[in-house]
Amino acid sequence: MTILATEIKAVITLFGATGDLAHRKLYPSLFNLFRKGFLADNFALLGTSRSEWSDADFQAKVRESISKVDEDQAGQYDAFVKHFFYQPHDVTNPEHYDKLNERIAELEDKFATEGNRLFYMSMAPRFFGTIAANIKSQGLLSDNGFNRLVIEKPFGRDFASAQELNKELTETFDENQIFRIDHYLGKEMVQNISALRFGNTAIEALWNNQYIDNIQVTLSEDMGVEERAGYYDQSGALRDMVQNHIMQVVAQLAMEQPLTFTDQDIRAEKAKALRSLRKYTPSEAAANFVRGQYAAGDNNNEYRKEDGVDPKSITETYVAAKLTFDSYRWAGVPFYVRTGKLLAGKFTRVDVVFKKPLIDIFATPANSNDQKLNNNVLTIYIDPTPGFSLTLNAKKVGQGYTTEPIDLAFSQSAEQKDLSPEPYERLFHDALEGNSTNFASWSEIADAWQFVDVIRQVWDHEEPNFPNYQPGSMGPKEADELLARDGRQWVY
Ligand code: NAD
């Protein structure tokens with residue numbers, strides 16, 4: 001099915017236009033929207049940062065950034081970069097916003113964007129509040145079109161700082177004008193969780209504690225901290241991955257069916273799910289969370305010896321946890337989650353482990369079942385190749401009656417994968433359209449921070465026994481023990 005592109009009209013003001021994210025992700029994503037017709041004549045992007053670039057310098061950089069997207073489309077590069085302009089700007093200087101405002105107004109006239117303004121903050125988070133305050137005080141908000149703010153992660157370092165940031169932003173923008181990026185929400189298979197659940201009686205009817213034994217969410221990375229060491233050492237896996245990406249995936253899995261498939265209803269259900277997540281006491285948190293830090297491997301230093309890392313660092317590069325929901329649907333069903341660096345592979349998957357039949361009728365003395373019945377497992381492969389698989393028990397071919405597990409599997413074809421928009425492309429498009437389904441709301445973020453803050457406080461006051469896992473493994477042995485203690489094990 002071809003989706004007809006509706007053209008979006010707006011001036012995008014990008015703070016951090018010379019940065020790494022803009023170059024690697026944002027310009028290529030906008031180019032994709034352009035060649036698909038979502039952006040056409042009536043848009044402009046005003047890039048800002050402290051560098052003294054001209055419009056021509058900026059256009060050359062944007063061209064360089066999109067040159068890898070699709071060389072067959074080279075004929076469109078010139079038409080695309082003509083929409084890009086640049087203004088040297090120090091975000092901490094209120095007077096500089098006056099010039100920005102003038103240029104935005106010029107671009108609005110030139111490209112007939114109907115007063116729609118989207119501000120994108122792709123900068124160090126310490127500037128987010130300052131930029132929002134200056135946008136308001138210097139009169140950059142439009143009176144006749146929409147005003148929207150897209151904001152990069154991280155959203156705070158704990159509940160208190162996130163709350164402070166939210167207060168600063170909401171002095172300028174309303175909640176429904178704020179689009180907080182969590183690029184996991186832009187992934188095809190994360191979005192597919194809702195289709196799988198609410199589009200299939202065969203799945204949704206079983207999606208509860210009567211039939212599901214446990215759910216496992218794994219976000220595994222095979223690289224170390226690389227050039228992000230300085231940032232990472234101040235953050236750690238709990239803040240960098242669990243509070244945001246893992247919580248967002250878990251909320252999609254745990255939420256009730258939204259009344260309608262609209263952003264308000266979906267966000268309300270996700271927020272409700274996160275509110276029913278049991279907030280642990282410090283001793284419960286210590287018992288239900290495992291942390292790790294990688295040791296030296298064949299091709300890597302141990303974490304504490306990486307450039308930019310404190311040699312005594314207690315920052316975790318690995319987290320596993322058992323989450324518990326106090327809701328009618330999920331009472332008694334643990335959600336085990338884990339994430340880490342330098343693990344056995346780069347992949348993201350969800351394993352939904354169903355209960356076994358109450359009675360194994362095949363295991364009678366007369367008709368002994370050598371192969372015990374297995375749990376059915378529904379695996380949702382999020383990365384790198386999106387797909388599902390469902391393991392079932394079936395009769396083994398031949399005389400006698402034994403069972404064996406078989407796999408029903410679907411995996412996206414290379415062609416489908418090519419058609420699938422990159423997360424940033426999808427999210428940019430949604431923000432321009434005003435659809436906040438795939439952005440984190442304040443309520444979700446607040447609950448997620450309150451949940452992880454407890455464990456952060458416990459961990460910051462206890463000396464861990466680091467390093468404790470080997471590169472290329474799936475983490476420390478304590479992560480296996482976390483499940484073994486419940487009589488379970490990781491599917492992968
Ligand atoms: P970066 O350091 O590469 O770029 C920062 C930008 O801010 C540059 O354009 C710089 O010139 C500008 N800047 C700094 N101080 C300024 C000032 N006083 N006035 C005006 N401009 C100023 O950062 P990045 O890697 O592009 O990250 C941007 C945001 O995206 C951050 O919030 C980061 O957490 C988030 N993010 C980045 C990545 C990534 O892969 N790079 C991934 C996820 C999230």
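For ligands, and for the atoms within them, numbers begin at 1 and follow the listed sequence. Counting begins at 1 with the first residue of the sequence.
- Every atom of ligand 1 is numbered from 1 in the order shown, and the set under 4.0 Å from a heavy atom of R24 is 39 (C), 40 (O), 41 (N).
- Under the 3.5 Å distance criterion, with hydrogens and angles disregarded, no donor-acceptor pair is assigned to the side chains of S29 and N32.
- With a 4.0 Å heavy-atom cut-off, ligand 1 is reached by the backbone of H89 but not by any atom from C-beta on.
- Which of R126, R228, K153, M121 comes nearest to atom 34 (O) of ligand 1 through a heavy atom is settled by distance: it is K153.
- Residue F127 has no N or O atom closer than 3.5 Å to an N or O atom of ligand 1.
- Under a 4.0 angstrom heavy-atom cut-off, K25 registers as lying outside contact with ligand 1.
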Exercise. Could you check D20 against R24 for salt bridge (Lys or Arg N to Asp or Glu O under 4.0 Å), going step by step and ending with a plain yes or no?
Key: CA-CA 6 Å; D20 171 67; R24 281 191 311 108; 3.1 Å; yes
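- Atoms of ligand 1 found under 4.0 Å from any heavy atom of T18, numbered from 1 in the order shown, are 8 (C), 9 (O), 10 (C), 11 (O).
- Both the sub-6.0 Å distance and the 45° axial angle are satisfied by K187 relative to the ring of Y184.
- Per-residue contacts place G16 under 4.0 angstrom from the following atoms of ligand 1 (heavy atoms of the residue considered): 6 (C), 7 (O), 9 (O).
- Aromatic rings of F15 and F127 (six-membered ring for Trp) have centroids beyond the 6.0 Å cut-off, not under it.
- No side-chain N or O of Q248 forms a donor-acceptor pair with one of D182 less than 3.5 Å apart.
- Near P154, the atoms of ligand 1 lying under 4.0 angstrom from a non-hydrogen atom of the residue are 34 (O).
- Nearest non-hydrogen protein atom to atom 19 (N) of ligand 1 is V91 N, 3.0 Å.
- A donor-acceptor contact under 3.5 angstrom links the side chains of D233 and T315, judged on distance only.
- Close contacts of ligand 1 with D20, meaning ligand atoms under 4.0 Å from a residue heavy atom, involve 3 (O), 25 (O), 26 (O), 39 (C), 40 (O), 41 (N).
- Considering backbone and side-chain N/O atoms, D90 comes within less than 3.5 Å of an N/O atom of ligand 1.
- Taking only nitrogen or oxygen atoms, main chain and side chain alike, L21 reaches within less than 3.5 Å of ligand 1.
- Under 4.0 angstrom from ligand 1, the non-hydrogen atoms of M123 come from both its backbone and its side chain.
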Quiz item: Does the salt bridge (Lys or Arg N to Asp or Glu O under 4.0 Å) test come out yes or no for D240 and K153, once each step is laid out?
Solution: CA-CA 9 Å; D240 197 45; K153 75 162 198 177; 3.4 Å; yes
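- Side-chain contact, T379 with D351: a donor N or O sits under 3.5 Å from an acceptor N or O.
- Side-chain contact of Q138 with D98: a donor-acceptor pair under 3.5 Å is present, judged by distance alone.
- Those atoms of ligand 1 that come under 4.0 Å of a heavy atom in E152, given as number and element, are 29 (C), 30 (O), 32 (O), 35 (C), 36 (N), 44 (C).
- Between P88, S51, G19, S49, it is G19 that holds the heavy atom closest to atom 1 (P) of ligand 1.
- T317 and Y232 share no side-chain donor-acceptor pair at under 3.5 Å.
- The protein reaches atom 3 (O) of ligand 1 closely, with a heavy atom under 4.0 angstrom from it.
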